[in-house]
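Read through the structure below, which is laid out as structure tokens, and then see the notes.
Predicted model only: the values in this text are computed from it and were never measured. These numbers come from the heavy atoms of this one structure, side chains and all, not from hydrogens, waters or symmetry mates.
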Amino acid sequence: MADYPFQTKIAPVFRERLCIEGWKRLKLRLSDDHSKGAVMQITVIGSGYVGLVAGACLSNVGHRVTCADVDAAKVASLSDGQVPFFEPGLAAIVKKNLEAGRLQFTTDVEMACRQGAIIFIAVGTPQGDDGSAELRYVHSVAESIGNCLSGGENMLVDGCKIVLTKSTVPVGTTDAVSEIISRTAQLPYVVCSNPEFLKEGDAINDFRKPDRIVVGTPETELGTLAQSVLRELYEPFTRTRERIQFMAVRSSELTKYAANALLATKISFMNDLSNLAERVGADIEDVRQGIGSDPRIGYQFLFPGTGYGGSCFPKDVKALTHSGEQHGHRLQILEAVDRVNNQQKTILLRKVTAYFEQDLSGRKIAVWGLAFKPRTDDMREAPSIELVNGLLDAGATVVAHDPEAMANAVQIFGDRIELKDNHYECLDGADALCVCTEWSVYRRPQFDELVTRMRQSLIFDGRNLYDHARLEKHGIRYYAIGRGEPLPV
Ligand code: NAD
């Protein structure tokens, strides 16, 4: 048993259930007698924004968690208590539980799979060349789980390993994972869908107080067992009210895509409308409040801007559209959502270019905000990338600032742009300022200082942060989204 560093510490109720013999010799116990508060042995494969948050939060309520990742540098830094990306509050929880011995990190995926009675698959599902979700990482983890279930010592709960797809995966993937495991597994297991709904920037809060926990289980005895185990697993996060929604596996997988697709639709709808508002002399911010106050519509995700980015909405909209095509049903609304978003991502570039009459050579443009949204360092699919690349291609120089995303910006732009630690320093001698991300530090700038530092007092605001009348008083020309003076874009 030396392979299990936590073995001596786990609750007796689970120690009893460690099954170390071939599955035919196992007496499968299906029961819902999980004693309240039992420590569970959990494995999370993939230590990114989703996996690490899940692992950290589950260890923080007392479970023993092994997080595995193929990225050796990431594992080394996490083992040292350093979180290699920015997510508010996460580093402190990781450090605390690492020190308490409840959380460990490894690159040995198969060993980690043996250790976990419950295994979360939380690896990336990036966009493939044809828009579909790339599932090779998920499938590779499924193979590792199958291998570890082919024999040897394995930690099981009630004689069974519970595998959960937490990554966002197209309908049918959870069944495919189960099939891959079955090729080599000799011990019992059940694969369920448990998609993640957290928001980067508020991920800890979302995990601890989720709106809902969606779990798709197969309609089998093992599926019923999984339901009772997962109810217990999530009990610390569902104390105020019932939050677990059990459903069929395929419904659960589709629920995740439906949620992201609908939120993306709201954003694209408002962005599309904002372009009309400019042309007809309406103020999209007034329109936003006018419709948001209708409780059937609500205020959330109605802010116009420079298009959605990040690691989820763009790829999930495309993957769902692709699924539709595969199954002979075009999702025409989503096709339009994606098209509108691609156009909107160039809105600031088109405005700057139109203002300078198609000639940006020699212009110096300051950019505030590079992350795809505030409170994260994530720049995946960030609208700032399109803007900066377009400005550089047109011959401008770019000086940029972001409170957290500068390291990622170096990875993306190298030395093609200048990065400043202080956002005011970007403005020195600049012909224009573009605001890409609504970090709070940009919300109330000292406009006098801005005027003093810039060569031209000119702002292109992709987030509608400022008041037009106030800027006019400072002598600043101001172009926003869906309001104020239009430009021929
Ligand atoms: P991420 O890219 O930050 O992390 C994925 C991790 O998996 C990486 O560290 C990578 O090294 C690791 N990995 C890849 N293949 C592996 C393998 N075979 N074995 C072990 N580790 C492996 O991704 P993320 O943002 O955490 O997203 C993970 C999944 O969750 C995706 O499907 C995503 O769509 C979904 N999701 C993301 C968010 C979000 O806000 N980021 C929210 C909800 C759902």
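Remark: Q104 CD to L98 CG distance equals 9.5 Å, nearest 0.5 Å. The SG atom of C192 sits 9.0 Å away from the CZ atom of F246 when rounded to the nearest 0.5 Å. Atom-to-atom distance recorded for I162:CD1 and T43:OG1 is 12.5 Å, nearest 0.5 angstrom. Interatomic distance, I213 CD1 to L233 CG, rounded to the nearest 0.5 Å: 8.5 Å. Atom NZ of residue K74 and atom CG of residue D69 lie 5.0 Å apart, to the nearest 0.5 angstrom. The structure places CG of L103 at 7.5 Å from CG of L52, a figure rounded to the nearest 0.5 Å.
Side-chain polar atoms of R463 and T306 form a donor-acceptor pair below 3.5 angstrom. Looking at R380 and N408, their side chains never bring a donor and an acceptor atom within 3.5 Å of each other.
Here the side chains of T173 and T125 are not in contact, with every heavy-atom distance at 4.5 Å or above. Residues K473 and F447 have side chains not in contact (no heavy-atom distance under 4.5 Å, counting atoms from C-beta outward). For the pair E196/F120, no side-chain contact is recorded, criterion being any heavy-atom separation below 4.5 Å from C-beta on. The side-chain heavy atoms of F413 and L419, taken from C-beta on, include no pair separated by under 4.5 Å. Side chains of T376 and Y49 form a contact here, defined as non-hydrogen atoms less than 4.5 Å apart. Using a 4.5 Å heavy-atom threshold, the side chains of Y466 and V435 count as touching. Residues L263 and Y308 form no side-chain contact, since every pair of their non-hydrogen atoms from C-beta on lies 4.5 Å or further apart. Proximity of C57 to I204: side-chain heavy atoms (C-beta onward) are separated by under 4.5 Å at one or more points.
Salt bridge annotation for R330-E335: present, with a cationic side-chain nitrogen under 4.0 angstrom from a carboxylate oxygen. We find that R455 and D431 are joined by a salt bridge, their nearest charged nitrogen and carboxylate oxygen being less than 4.0 Å apart. Checked for salt-bridge contact, R231 and E235 miss the test: no charged N lies under 4.0 Å from a carboxylate O. Looking at E381 and K345, a side-chain N of the basic residue comes within less than 4.0 Å of a carboxylate O on the acidic one, giving a salt bridge. Salt-bridge check for D316 with K256: failed, with every basic side-chain N at 4.0 Å or more from each acidic carboxylate O.
Panel note: side chain E134, backbone R136; a donor-acceptor pair is recorded below 3.5 Å. Although no hydrogens or angles enter the test, the distance criterion places a donor-acceptor pair under 3.5 Å between the side chain of S384 and the main chain of L370.
Residue G216 comes nearest to V249 through the heavy atom pair O-CG2, 3.4 Å, listed as atom of the first residue, atom of the second, then distance. Taking each heavy atom of T217 and Q227 in turn, the nearest pair found is OG1-NE2, 2.9 Å. Between A366 and C426, the closest heavy-atom pair is CB-O, 3.5 Å. For E200 against K373, the heavy-atom pair with the smallest separation is O-NZ, 2.7 Å. Heavy-atom minimum distance, P445 versus Y424: CA-OH, 3.4 Å. Heavy atoms only, all atoms of each residue included: L487 and A354 are closest at CB-CB, 4.4 Å.
Annotation for D393: atom CG counts as buried by contact number, over 12 foreign heavy atoms lying within 6.0 Å. Under a cut-off of 6.0 angstrom, the local environment of NZ in K266 is crowded, with over 12 non-hydrogen atoms contributed by other residues, nucleotides or ligands. Few gaps surround CG on D294; more than 12 heavy atoms of other groups in view lie less than 6.0 Å from it. The number of heavy atoms from other shown groups lying within 6.0 Å of CD1 (I333) does not exceed 12. Within 6.0 Å of CZ on R416 lie more than 12 heavy atoms contributed by other residues, nucleotides or ligands. Dense packing is recorded around CZ of F86, with more than 12 heavy atoms of other residues, nucleotides or ligands lying under 6.0 Å away. Atom CZ of R241 has more than 12 heavy atoms from other residues, nucleotides or ligands within 6.0 Å. Within 6.0 Å of CD on Q300 lie no more than 12 heavy atoms contributed by other residues, nucleotides or ligands.
Pairs passing the side-chain hydrogen bond (donor to acceptor under 3.5 Å, both in side chains) check and including a residue from residues 274-287, sequence neighbours excluded, read N275-Q344, E278-K351, D283-R483, E285-R288, E285-N464.
H423 meets the ring-ring contact (aromatic ring centres under 6.0 Å, His included) test with W368, H401, Y442; sequence neighbours excluded.
Note: Y478 and H468 have tilted aromatic rings, judged against thresholds of 30 and 60 degrees for the angle between ring planes. Between F237 and F207, the angle of the ring planes goes over 60°, which puts this pair in the perpendicular group of the 30/60° scheme.
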Can you give me every donor-acceptor pair (side chain of residues 75-82, partner residue at least two apart or in another chain, under 3.5 Å) with its distance?
from, atom 1, to, atom 2, distance (Å)
S77, OG, Q82, O, 3.0
S79, OG, V75, O, 2.7

Practice prompt. Kindly indicate, with the supporting measurements, whether the criterion side-chain contact (heavy atoms from CB on, under 4.5 Å) is fulfilled by L458 and Y355.
Written response: CA-CA 10 Å; L458 174 63; Y355 181 87; 3.3 Å; yes
